[in-house]
Amino acid sequence: MPELPEVEVIRRELIAKIKGQKLEKVEILDNKFYFPGKAVVGSEIKNLLRKGKYLFLELGDWHLLLHLGMSGQLIFTEERRNFPYEKVIFYLSNGVLTFCDQRKFGRVELLRRELKDKVWQQIGLDPFSAQFTFERFLQVTQGKSQRVKDFLLNQKRIAGIGNIYASEILFRSGIHPQRKVNTLSMAEKEKLFTHIKPVLEEAIRCQGTTIRNYARSNGETGSFQHFLLVYGKAGKSCPRCGSLIQREKIANRSTYFCPSCQK
DNA sequence: CATTCATCCTGCTGGC
DNA sequence: TGCCAGCAGGATGAAT
């Protein structure tokens with residue numbers, strides 16, 4: 001569910017609340033999310049970092065990896081409150097951080113610094129990092145025979161794009177999702193590259209896209225769903241040319257595109 | 001190696 | 001109204 005923009009909104013909101021706070025207690029309500037919480041009780045929260053869709057809560061030598069999967073939420077409240085599908089409760093000196101996850105595809109793992117560095121390195125290029133240049137983009141696309149939609153969803157190459165923003169980025173780039181990466185012209189690659197960051201930035205300005213489960217750290221929704229051009233719009237007319245938007249399963253995920261604007 | 005596909009889980013919606 | 005197939009913002013590991 002949450003893609004880069006949603007995770008980044010949560011990170012920005014949370015960092016203001018929890019940086020410098022002490023982790024006083026951890027309560028694990030579902031063993032699927034078990035981690036040795038005692039090891040980090042008493043630690044100070046040094047930072048909250050993001051790469052792609054992954055969050056890393058820095059606690060001295062330990063890092064807590066947080067991934068929201070399809071339905072994960074991180075809600076900060078001043079007092080302990082009950083939410084549906086809560087899995088892990090973090091009690092901080094100034095409040096409570098509740099991790100909820102209806103579908104249980106999320107992850108909470110405690111990693112030693114070295115392991116965190118290794119995991120971090122295995123995550124692909126983050127579009128908001130300084131390394132995300134056209135040159136590096138060309139390198140990761142080099143020789144790839146997979147469909148461009150699959151390429152965008154693969155977190156080992158570029159990290160953070162999920163099913164909604166993949167469709168939105170490809171529409172804005174005028175590229176058909178079935179196109180193989182190695183058939184894209186230089187001009188098309190440039191177009192694709194130049195649309196990735198602006199779409200994600202626009203979504204962040206809207207505090208993310210709420211279709212179903214996504215909630216900000218205060219429980220409120222995002223608003224980018226009102227500005228989607230193709231995602232979820234099968235049968236509606238293309239905002240650019242008026243043709244009907246099509247839905248097709250690509251890589252087992254619903255993909256939306258305009259058959260006449262995207263070649 | 002690269003690529004495709006089922007699978008993990010729970011709940012909701014739409015068609016019959 | 002009831003049932004059931006299909007769908008949902010992700011990622012992985014097995015099979016090919």
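Lettering of chains follows the sequences in order, A, B, ..., and the numbering in each one begins at 1.
- Across the protein-nucleic acid pair, A/Ile123 atom CD1 and C/dA11 atom C1' stand 12 Å apart, rounded to whole Å.
- Between A/Phe132 and A/Phe137, the ring planes lie perpendicular to each other; the angle is over 60°, past the 30° to 60° tilted range.
- The shortest distance between the side-chain N/O atoms of A/Arg253 and the OP1/OP2 oxygens of C/dG10 is below 4.0 Å.
- Atoms CG (A/Asp150) and P (C/dG10) sit 13 Å apart, rounded to a whole Å.
- Regarding A/Leu228, its CG atom lies at a distance of 14 Å from the P atom of C/dA8, rounded to whole Å.
- Comparing the P positions of C/dC3 and B/dC9 gives a spacing of 25 Å, expressed to the nearest Å.
- Not one side-chain nitrogen or oxygen of A/Arg147 sits closer than 4.0 Å to the OP1 or OP2 atom of B/dT3.
- The distance from atom CG of A/Asn163 to atom C1' of C/dA8 is 9 Å, rounded to the nearest whole Å.
- Taking the ring axis of A/Trp62 as reference, the NZ or CZ atom of A/Arg112 stays within 45° of it and closer than 6.0 Å to the ring centre.
- Checking C/dA11, B/dA2, C/dG10 against the side-chain heavy atoms of A/Tyr54 singles out C/dA11 as nearest.
- A salt bridge is defined here as a Lys NZ or Arg NE, NH1 or NH2 lying under 4.0 Å from an Asp or Glu carboxylate O, and A/Glu86 with A/Arg81 fails to meet this definition.
- The pair A/Asp126-A/Arg50 meets the salt-bridge criterion, since a charged nitrogen lies less than 4.0 angstrom from a carboxylate oxygen.
- Following rounding to the nearest Å, A/Leu55 (CG) and C/dG10 (P) show an atom-to-atom distance of 15 Å.
- Rounded to a whole Å, the NZ atom of A/Lys53 is 8 Å from the C1' atom of C/dA11.
- For A/Ser254, a side-chain nitrogen or oxygen approaches OP1 or OP2 of C/dA8 to under 4.0 Å.
- A salt bridge between A/Glu8 and A/Arg11 is present, with a side-chain N of the basic residue lying under 4.0 Å from a carboxylate O of the acidic one.
- Within the 4.0 angstrom heavy-atom criterion, only backbone atoms of the sugar-phosphate kind lie near A/Lys156; the bases stay farther away.
- Base contact: A/Asn213 has a heavy atom under 4.0 Å from a base atom.
- A/Lys144 has no side-chain polar atom (N or O) that falls below the 4.0 Å cut-off from OP1 or OP2 of B/dT3.
- Contact between the side-chain N/O atoms of A/His67 and the OP1/OP2 oxygens of C/dG10 is not found at any separation under 4.0 Å.
- A/Ser71 approaches A/Gln102 most closely through the heavy-atom pair OG-N, 3.4 Å.
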Legend entry - Nucleotide-level pairing of DNA chain C, given in dot-bracket where Watson-Crick and G-U pairs need both distances under 3.5 Å and | marks other strands: .|||||||.|||||||
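- In this structure, of B/dT4, B/dC5, C/dA11, it is B/dC5 that holds the atom nearest to the side chain of A/Asn252.
- Neither side chain, A/Gln246 nor A/Tyr256, offers a donor N or O lying under 3.5 Å from an acceptor on the other.
- The separation between A/Arg157 atom CZ and B/dA2 atom P is 6 Å, rounded to whole Å.
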Inset, instruction - Encode nucleotides 9-16 of chain B as B, S and - characters from 5' to 3', where the letter depends on protein heavy atoms closer than 4.0 Å: B to the base, S only to sugar-phosphate, - to neither. - result: BBS-----
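- A cation-pi contact, defined as under 6.0 Å to the ring centre and within 45° of the axis, links A/Arg240 to A/Phe171.
- Using a 4.0 Å heavy-atom distance criterion, A/Lys180 is classed as making no nucleic acid contact.
- Checking each of A/Leu68, A/Ile10, A/Val9 against A/Pro2 for a side chain to side chain contact (heavy atoms under 4.5 Å, CB included) leaves exactly one that passes, namely A/Leu68.
- Aromatic ring pairs are classed by plane angle as parallel below 30°, tilted from 30° to 60° and perpendicular above 60°; the pair A/His67 and A/Tyr54 is perpendicular.
- Heavy atoms of A/Gln155 sit under 4.0 angstrom from primed sugar atoms or phosphate atoms, though from no base atom.
- A/Lys249 places its NZ atom 14 Å from the P atom of C/dG10, with the value rounded to the nearest Å.
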